[in-house]
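Reviewing the structure listed below.
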Amino acid sequence: MRSLVFLLLVAVASAKVFSKCEWAQLLKSNKMDGYRGISLANWVCLAEHESGFNTQAINHNKDGTTDYGIFQINSRWWCDNGSHTANGCNVKCSELQSDNVSVSINCAKRVVRDPNGIGAWVAWRKYCQNKDLSRYLAGCGL
Ligand SMILES: *[C@@H]1O[C@H](CO)[C@@H](O)[C@H](O)[C@H]1NC(C)=O
Ligand SMILES: *[C@@H]1O[C@H](CO)[C@@H](O)[C@H](O)[C@H]1NC(C)=O
C-alpha cells in the first residue's frame with residue numbers, strides 16, 4: 001500500500017497541469033505575446049483546447065501520427081519518435097511532454113513560422129479563430 005501511494009505521488013508530481021493564468025504568464029515571459037503577430041489570448045485558447053494545459057497530453061491520430069504535449073505537436077513533421085519523421089523542431093517527441101515547457105514553446109514558434117501559421121492547429125481554427133478571446137486572459141492581470 002505504501003509503495004502504491006508513493007507511485008501515485010510520483011505520477012502526479014511529473015504531470016504538470018498549468019492554470020490558465022499561470023500558462024499565460026509563462027507564455028508572456030517566453031515572448032509569445034505578438035510572436036508572428038499572434039496575440040497571447042490565441043496561444044492560451046489554443047493550449048486550453050488542445051491539451052487542457054497538460055504538459056503530458058498525448059493523443060494518437062487515426063493516420064498513425066501522434067500529438068504531444070501542451071500544444072499537441074504532431075510527430076509527422078515536428079519531432080523524432082524513433083521512426084522516419086521530418087523532425088522540424090529537432091527534438092525527441094517525448095521532450096515535448098517535459099515539464100521544461102521551453103521545448104514545446106520553441107517548437108510552437110517553429111511551427112508558426114511555416115506558411116500555415118497558427119492555422120496548423122485544428123483546435124485553433126475551430127475554437128479560437130474569429131472568436132471573442134477575452135475570457136482566456138480574464139482575471140490574469142496581464
Ligand atoms: C512515428 O511517427 C510517424 C509519423 O507521425 C508514424 O508514422 C510512426 O508510426 C510513428 N512511430 C512510432 C514508433 O510511434
Ligand atoms: C529547457 O529546455 C531548453 C530548450 O531545449 C534548454 O535550453 C534548457 O536548458 C532546459 N532547461 C532545463 C532547466 O533543463
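All ligand and atom numbering here is 1-based and tracks the order in the structure.
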Provide the number and element of each atom of ligand 2 under 4.0 Å from a heavy atom of Asn100. 1 (C), 2 (O), 3 (C), 8 (C), 10 (C), 11 (N), 12 (C), 14 (O)

Passing option when Thr65 is tested against Thr85, Asn81, Asn74 for side chain to side chain donor-acceptor pair (under 3.5 Å): Asn74

Look at the rings of Trp43 and Phe71 and say which category their plane angle falls in: under 30° parallel, 30 to 60° tilted, over 60° perpendicular. perpendicular

Atoms in ligand 2 flagged as close to Ser102, the criterion being non-hydrogen separation under 4.0 Å: 1 (C), 2 (O), 3 (C)

Does any pair with a residue in residues 129-142 pass salt bridge (charged side-chain N to carboxylate O under 4.0 Å, His left out), and if so which ones, sequence neighbours excluded? Glu48-Arg135

Mind checking whether Phe18 and Trp23 have parallel, tilted or perpendicular rings, split at 30° and 60°? tilted

Tell me which pairs pass disulfide (SG to SG under 2.5 Å) where either residue lies in residues 95-133, with sequence neighbours left out. Cys45-Cys128, Cys89-Cys107

Minimum-distance protein heavy atom relative to atom 4 (C) of ligand 2: Asn106 ND2, 3.9 Å

Could you tell me whether atom 7 (O) of ligand 2 has at least one protein heavy atom nearer than 4.0 Å? no

Check each atom of ligand 2 against the heavy atoms of Val103 and keep those under 4.0 Å away; list them by number with element. 2 (O), 5 (O)

